[in-house]
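These notes are about the structure you will find just below.
Hydrogens, waters and symmetry mates play no part in the numbers below; they use all other heavy atoms, side chains included. All residue numbers refer to positions in the sequence shown, counting from 1.
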Amino acid sequence: SQGDAEFLPFKDKCFDFVYCAHVLEHVENPVRALLEIQRVGKRGYIEVPTKMSDTLFNFARMNHFHKWHISIIGKTLIFIEYTENDRRDTGNQELFYMAHSLFPNHFKSMFRRNKDLFTNMFIWDDSFVFYIFEKNGKLISTNDNIR
């Protein structure tokens with residue numbers, strides 16, 4: 001089944017818990033998606049890659065793949081649109097292959113032990129604050145008035 005994170009076909013607060021992993025870095029309109037997640041859920045978990053992860057594993061360089069890098073400050077999500085300069089990579093794929101290898105290796109062990117360096121994990125209850133910045137630093141939107 002396919003859906004659109006920006007227009008969820010569910011009633012308000014119909015879910016006790018919303019799990020959203022590795023979706024928001026792709027959306028065209030994060031404001032709409034974030035408002036929808038909060039509308040349909042009472043609480044939830046959001047997981048997105050860190051900027052370091054996108055760079056190390058060459059996800060940032062792929063146009064039309066990850067549009068945003070997302071940081072967490074306390075109970076606030078900060079979305080920043082990738083610039084062309086941000087879309088550089090490490091120049092090789094070895095780190096990606098080592099981290100996702102079927103065989104044990106030192107990089108994979110370090111990757112697993114330090115998930116927080118590669119993945120932002122965000123738990124929310126009732127609502128949360130977000131800021132969305134375009135690639136030149138201009139604030140596009142916020143819902144900071146909910147505090």
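- Ile78 and Leu139 fall within a single hydrophobic cluster, where Ile, Leu, Val, Met, Phe, Trp and Tyr side chains are chained together by heavy-atom contacts under 4.5 Å.
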Problem - Audit row: Thr50, Thr119, side-chain contact (heavy atoms from CB on, under 4.5 Å) steps and yes/no - result: CA-CA 5 Å; Thr50 64; Thr119 306; 5.6 Å; no

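- Val40 has its side chain within reach of Val18: a pair of non-hydrogen atoms, C-beta onward, lies under 4.5 Å apart.
- Nearest heavy-atom pair across Gly74 and Phe122 is O-CE1, 4.0 Å.
- Connection of Phe133 to Ile73 is established within a shared hydrophobic cluster, with ILVMFWY side chains joined at heavy-atom distances below 4.5 Å, either directly or through further cluster members.
- At a cut-off of 3.5 Å, with distance as the only test, no side-chain donor of Asn143 or Tyr131 sits close to an acceptor on the other residue.
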Handout entry: Lys67 and Glu28: CA distance, side-chain angles, deciding distance, salt bridge (charged side-chain N to carboxylate O under 4.0 Å, His left out) verdict
Key = CA-CA 7 Å; Lys67 181 175 173 81; Glu28 193 61 38; 3.4 Å; yes

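- How far CD1 of Ile132 is from NZ of Lys138: 14.0 Å, rounded to the nearest 0.5 Å.
- Ile72 has its side chain within reach of Leu77: a pair of non-hydrogen atoms, C-beta onward, lies under 4.5 Å apart.
- Counting only heavy atoms from C-beta outward, the side chains of Lys75 and Trp124 never approach each other to under 4.5 Å.
- Side chain of Arg39 to backbone of Leu34: no donor-acceptor contact under 3.5 angstrom is found.
- More than 12 heavy atoms of other residues, nucleotides or ligands lie within 6.0 Å of CD1 in Ile140, so this atom counts as buried by the packing criterion.
- Residues that satisfy the side-chain hydrogen bond (donor to acceptor under 3.5 Å, both in side chains) test with Ser109, not counting sequence neighbours, are absent from this structure.
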Problem - Working for side-chain contact (heavy atoms from CB on, under 4.5 Å), residues Phe118 and Leu56 - result: CA-CA 9 Å; Phe118 301 96; Leu56 281 176; 3.7 Å; yes

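- Using a 4.5 Å heavy-atom cutoff, the side chains of Val48 and Trp68 are not in contact.
- Checked against the 6.0 Å centroid threshold, His26 and Phe65 count as a close aromatic pair.
- Within the 4.5 Å cutoff, no side-chain heavy atoms of Tyr19 are placed close to those of Ile46.
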Exercise for the section: With side-chain contact (heavy atoms from CB on, under 4.5 Å) as the test, would you mind laying out the steps for Tyr82 and His66 before giving the verdict? Expected result: CA-CA 8 Å; Tyr82 271 115; His66 290 178; 4.0 Å; yes

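- If you take CG on Asp54 and NE2 on His69, they are separated by 9.0 Å, rounding to the nearest 0.5 Å.
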Practice task
Verify side-chain contact (heavy atoms from CB on, under 4.5 Å) between Tyr45 and Met121, making sure each step is shown before the conclusion.
Solution key: CA-CA 7 Å; Tyr45 173 79; Met121 298 165 275; 3.0 Å; yes

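- Counting only heavy atoms from C-beta outward, the side chains of Thr55 and Met52 never approach each other to under 4.5 Å.
- Under a cut-off of 6.0 angstrom, the local environment of NE2 in His100 is crowded, with over 12 non-hydrogen atoms contributed by other residues, nucleotides or ligands.
- In this structure, the side chain of Asn120 engages the main chain of Ile70 through a donor-acceptor pair within 3.5 Å.
- Taking the ring centroids of Phe130 and Phe79, they lie at or beyond the 6.0 Å cut-off.
- One hydrophobic cluster, built from ILVMFWY side chains closer than 4.5 Å, cannot hold both Leu8 and Phe17; they sit in different ones.
- A distance-only check finds a donor-acceptor pair linking the side chain of Asn105 to the backbone of Lys108 [under 3.5 Å].
- For Lys13 (side chain) and Gln38 (main-chain N/O), a donor-acceptor pair under 3.5 Å exists by modelled atom type.
- Here the side chains of Glu81 and Glu134 are in contact, with some heavy-atom distance below 4.5 Å.
- In this structure, a donor-acceptor pair under 3.5 Å is present between the side chains of His22 and Glu47.
- Phe111 pairs in a ring-ring contact (aromatic ring centres under 6.0 Å, His included) with only one of the listed residues (Phe57, Phe96, Tyr97), which is Phe57.
- With sequence neighbours excluded, the residues satisfying side-chain contact (heavy atoms from CB on, under 4.5 Å) with Ala33 are Ala5, Glu6, Leu24, Val27.
- Atom-to-atom distance recorded for Ser127:OG and Ile37:CD1 is 13.0 Å, nearest 0.5 angstrom.
- Using modelled atom types, one side-chain atom of Asp86 and one backbone atom of Thr83 make a donor-acceptor pair closer than 3.5 Å.
- With respect to Asp125 and Lys42, no salt bridge is recorded, no charged nitrogen being found less than 4.0 Å from a carboxylate O.
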